[in-house]
Amino acid sequence: GNSVTQMEGPVTLSEEAFLTINCTYTATGYPSLFWYVQYPGEGLQLLLKATKADDKGSNKGFEATYRKETTSFHLEKGSVQVSDSAVYFCALSEKGFQKLVFGTGTRLLVSP
Amino acid sequence: DAGITQSPRHKVTETGTPVTLRCHQTENHRYMYWYRQDPGHGLRLIHYSYGVKDTDKGEVSDGYSVSRSKTEDFLLTLESATSSQTSVYFCAISEGGRGRPNYGYTFGSGTRLTVV
């Protein structure tokens, strides 16, 4: 079946550090890939997405590239801020299907 | 103007009692979902709906039932609550349909349910 694997957290960084959160997936065919962010006490918000190989999703300084050869969709940001502290979820959906499969989430803590 | 609202936001209930959580949307989206979020498990799909009166099970559906009598409302019922159902429950909506691209979900703010 389809699955998503994320790196264990928490990831602890100082402000302005470079961020990478790893995400790999297992799926039949070529799924759509997503990153969601959850701030404390809130629901998940769509951060970025990519629908085909080599696509790069980007939003608010975050980027992720759909790598078919390594089945990965790693999240990166060049300079994190304290306000980026949150839980980040990688997710996939099979083409033509609406259900999303989520990873377990990675907590990011950014200190001043 | 939230587009999707969940009620209640918090609930404490006793073991063995029935509980109903409500999800209401104003976006007229076809698909609606109920997930539960637990530490170490991420989000797990309980049930989903692809139209009025059309529902299907997710990966953790035991002990839960759903109903969708109107496009805008999707109800999740715990028929006899147990301590293992203590969790945060999220509703989500999506537009699109089978065979169409997945544009991603919009999530509600969640319901924190405690079963004592």
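Naming convention: chains lettered A, B, ... in sequence-line order (proteins, then strands); numbering from 1 in each chain.
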Residue pair A:Gln81 / A:Glu16, side-chain donor-acceptor N/O under 3.5 Å: no

Single hit among A:Leu48, A:Val37, A:Thr20 for side chain to side chain contact (heavy atoms under 4.5 Å, CB included) with A:Leu75: A:Leu48

CG on A:Leu13 to OG on A:Ser111, rounded to 0.5 Å: 8.0 Å

Proximity breakdown for A:Gln45 and chain B, heavy-atom pairs closer than 4.5 Å: neither

Residues in residues 39-49 of chain B near chain A [non-hydrogen atoms, under 4.5 Å]: B:Gly40, B:His41, B:Gly42, B:Leu43, B:Leu45, B:Tyr48

A:Trp35 and A:Ile21: CA distance, side-chain angles, deciding distance, side chain to side chain contact (heavy atoms under 4.5 Å, CB included) verdict: CA-CA 10 Å; A:Trp35 276 102; A:Ile21 299 178; 3.6 Å; yes

Check: A:Tyr36 side chain, B:Tyr105 main-chain N or O, donor-acceptor pair, under 3.5 Å: yes

Under 3.5 Å donor-acceptor, B:Gln6 side chain and B:Cys91 backbone: yes

Any residue of residues 54-83 of chain B which, by heavy atoms, sits under 4.5 Å from chain A: none

Test item: side-chain donor near acceptor, B:Tyr33 and B:Ser94, under 3.5 Å: yes

Region of B:Tyr50 in contact with chain A, defined by heavy-atom distances below 4.5 Å: neither

A:Thr106 versus A:Gln6, side-chain donor and acceptor atoms under 3.5 Å: yes

Aromatic plane relationship, A:Tyr88 with A:Phe62 - under 30° parallel, 30 to 60° tilted, over 60° perpendicular: tilted

Presence of salt bridge, B:Arg36 and B:Asp38, under 4.0 angstrom: yes

